[in-house]
Amino acid sequence: MKVGIGLPNTVPGTDGALLVEWARRADAGPFSTVAVLDRLVYDSLEPFAALAAAAAVTERVHLATMIAIGPLRAPAVLAKQAVSVDAIAGGRFTLGLAVGARLDDYEAAGVDHRGRGTRLSEQLAYLRGELDSSGVKPSRPGIEILVGGSSGPAFARMARYGDGYAHGGGPPRAFGSAATRARAAWRDFERPGEPRLWGQGYFAFGDPDRGSAYLRDYYAFTGPFAEKIAAGNLTSARAVKDFVRGYEAEGCDELILFPTVPDLADLDRLAEVLST
């Protein structure tokens with residue numbers, strides 16, 4: 001299993017200088033990928049802009065949206081953002097998409113949240129078909145696409161259009177359950193081979209209370225469930241290693257660990273933990 005690290009693009013207080021240095025250090029470390037999250041109504045940096053900055057200062061690591069909220073964007077705009085990042089990165093980009101769960105993002109974007117699943121399916125069909133003849137360039141053969149979500153239609157979308165599945169986080173057993181559904185959907189669509197399975201988690205070493213407070217705020221829309229998410233923040237080397245082993249045992253192909261505190265010392269510590 002590969003292990004990547006998130007950029008702190010949704011952690012308040014992150015600026016351009018920190019983001020770029022984070023990407024540089026990730027590129028020099030043991031990480032496979034640098035990935036971003038997506039929010040509109042939040043103190044955050046736009047995900048494709050953040051990845052473009054990271055692409056410009058890295059050479060080795062892959063880059064990914066984990067995930068971007070597809071329906072907030074018009075299909076051609078989404079495609080332009082994706083192919084542009086991929087061109088800057090020299091083909092190192094993976095596009096993870098889902099519908100998102102926060103209605104305020106849709107309200108701010110002026111997009112009706114009703115029918116967002118259908119809208120995402122249309123975007124995926126565009127990326128897999130019409131894009132080639134649309135004139136939206138730079139063009140390249142097949143950006144890898146991950147699709148997230150936990151509903152039956154989400155798994156069907158993944159199996160029909162995607163190269164793999166992006167899980168939204170939680171303990172290894174939750175990932176394992178979702179992975180089983182992803183593989184079943186893949187077989188139902190008679191796709192060859194197996195879907196790529198990506199997971200994610202959160203970590204903070206130096207100031208875990210600050211990290212947990214961020215998670216409570218970021219997931220406040222979930223109500224009391226935000227406390228459970230905060231309790232899953234990985235705050236020790238042992239917790240990280242157990243989490244990594246658990247995901248690997250459940251068949252995860254790539255695990256992204258997202259920072260909850262924008263502190264470069266946490267990145268360095270995570271690199272040390274993964275290397276020992």
Side-chain angles (χ1 to χ4, degrees), residues 1-7 9-10 31-39 47-48 50-51 54-55 61-73 75 78-79 81-83 85-86 89 91-101 116-117 119-129 131 140-170 174-189 191-201 247-248 250-258:
M1 184 183 71
K2 297 177 180 178
V3 180
I5 189 170
L7 294 172
N9 72 300
T10 60
F31 307 106
S32 57
T33 298
V34 292
V36 292
L37 300 171
D38 187 13
R39 282 293 301 274
F48 292 98
L51 286 180
V61 289
H62 284 248
L63 303 101
T65 53
M66 188 66 182
I67 51 70
I69 306 169
L72 296 183
R73 303 161 173 89
L78 174 64
Q81 290 175 312
V83 298
V85 170
D86 190 64
R92 291 180 284 136
F93 177 57
T94 294
L95 176 64
L97 295 172
V99 298
R116 59 191 185 271
R119 184 177 173 88
L120 179 57
S121 293
E122 292 170 350
Q123 289 179 319
L124 290 164
Y126 175 86
L127 290 166
R128 287 306 196 202
L131 175 59
R140 63 145 296 187
I143 291 175
E144 181 179 49
I145 296 177
L146 307 174
V147 181
S150 58
S151 67
F155 285 105
R157 227 175 269 129
M158 180 279 303
R160 182 173 184 179
Y161 298 110
D163 298 296
Y165 175 67
H167 187 242
F175 171 84
S177 176
T180 297
R181 296 183 67 190
R183 294 188 189 101
W186 196 263
R187 290 192 297 270
D188 288 344
F189 275 80
R191 295 284 301 273
E194 294 284 338
R196 293 272 299 159
L197 300 172
W198 288 46
Q200 70 176 59
Y247 265 74
E248 188 168 22
E250 294 290 351
C252 183
D253 293 304
E254 187 143 3
L255 175 65
I256 306 296
L257 298 176
F258 282 96

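These figures come from a predicted structure and were not determined experimentally.
Across E248 and M1, no two heavy atoms sit closer than the pair OE2-N, 3.5 Å. The minimum heavy-atom distance linking C252 with G199 is given by the pair SG-N, 3.6 Å. Between A185 and A159, the closest heavy-atom pair is O-CB, 3.4 Å. For the pair G6 and I256, the tightest heavy-atom approach, listed with the atom from each and the gap, is N-CG2, 3.8 Å. G148 and A154 make their closest contact through O-CB, 3.8 Å (heavy atoms, listed as atom of the first residue, atom of the second, distance). The minimum heavy-atom distance between A182 and P195, with the atom names listed, is O-CG, 4.2 Å.
The CE atom of M66 sits 9.0 Å away from the NE2 atom of H167 when rounded to the nearest 0.5 Å. Put simply, CZ on F258 and CG on N9 are 7.5 Å apart, with the number rounded to the nearest 0.5 Å. Rounding to the nearest 0.5 Å gives a distance of 6.0 Å between NE2 of H62 and NZ of K2. The OH atom of Y161 sits 8.5 Å away from the CZ atom of F189 when rounded to the nearest 0.5 Å. Atom OG1 of T94 sits about 8.5 Å away from atom CG of D163, to the nearest 0.5 Å.
L7 places a side-chain heavy atom less than 4.5 Å from the side chain of L51. For the pair Q200/L37, a side-chain contact is recorded, criterion being any heavy-atom separation below 4.5 Å from C-beta on. By the 4.5 Å heavy-atom criterion applied to side chains, L78 and F48 are counted as neighbours. Contact annotation: the side chain of V147 never approaches that of L97 to less than 4.5 Å [non-hydrogen atoms, C-beta and beyond]. The closest side-chain heavy-atom distance from F175 to L255 is not below 4.5 Å. Taking 4.5 Å as the limit, some side-chain heavy atom of T65 sits within range of a side-chain heavy atom of F93. Between R128 and I145, the closest side-chain pair of non-hydrogen atoms falls below 4.5 Å. Between R183 and Y165, every side-chain heavy-atom pair lies at or beyond the 4.5 Å cut-off.
Not one N or O on the side chain of T33 forms a donor-acceptor pair closer than 3.5 Å with the backbone of L63. No donor-acceptor pair under 3.5 Å is formed between the side chain of W186 and the backbone N or O of M158. Using modelled atom types, no side-chain atom of R116 and backbone atom of P71 make a donor-acceptor pair closer than 3.5 Å. Checking side-chain atoms of D253 against main-chain N and O of L197 turns up a donor-acceptor pair under 3.5 Å. Remark: side-chain polar atoms of D38 are not paired, donor with acceptor, to backbone N or O of P47 under 3.5 angstrom. Formation of a donor-acceptor pair under 3.5 Å by the R196 side chain with backbone atoms of L146 is not found in this model.
With respect to R181 and D188, no salt bridge is recorded, no charged nitrogen being found less than 4.0 Å from a carboxylate O.
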Is there a side-chain contact (heavy atoms from CB on, under 4.5 Å) between R157 and V99 once you walk through the steps? CA-CA 11 Å; R157 227 175 269 129; V99 298; 4.3 Å; yes
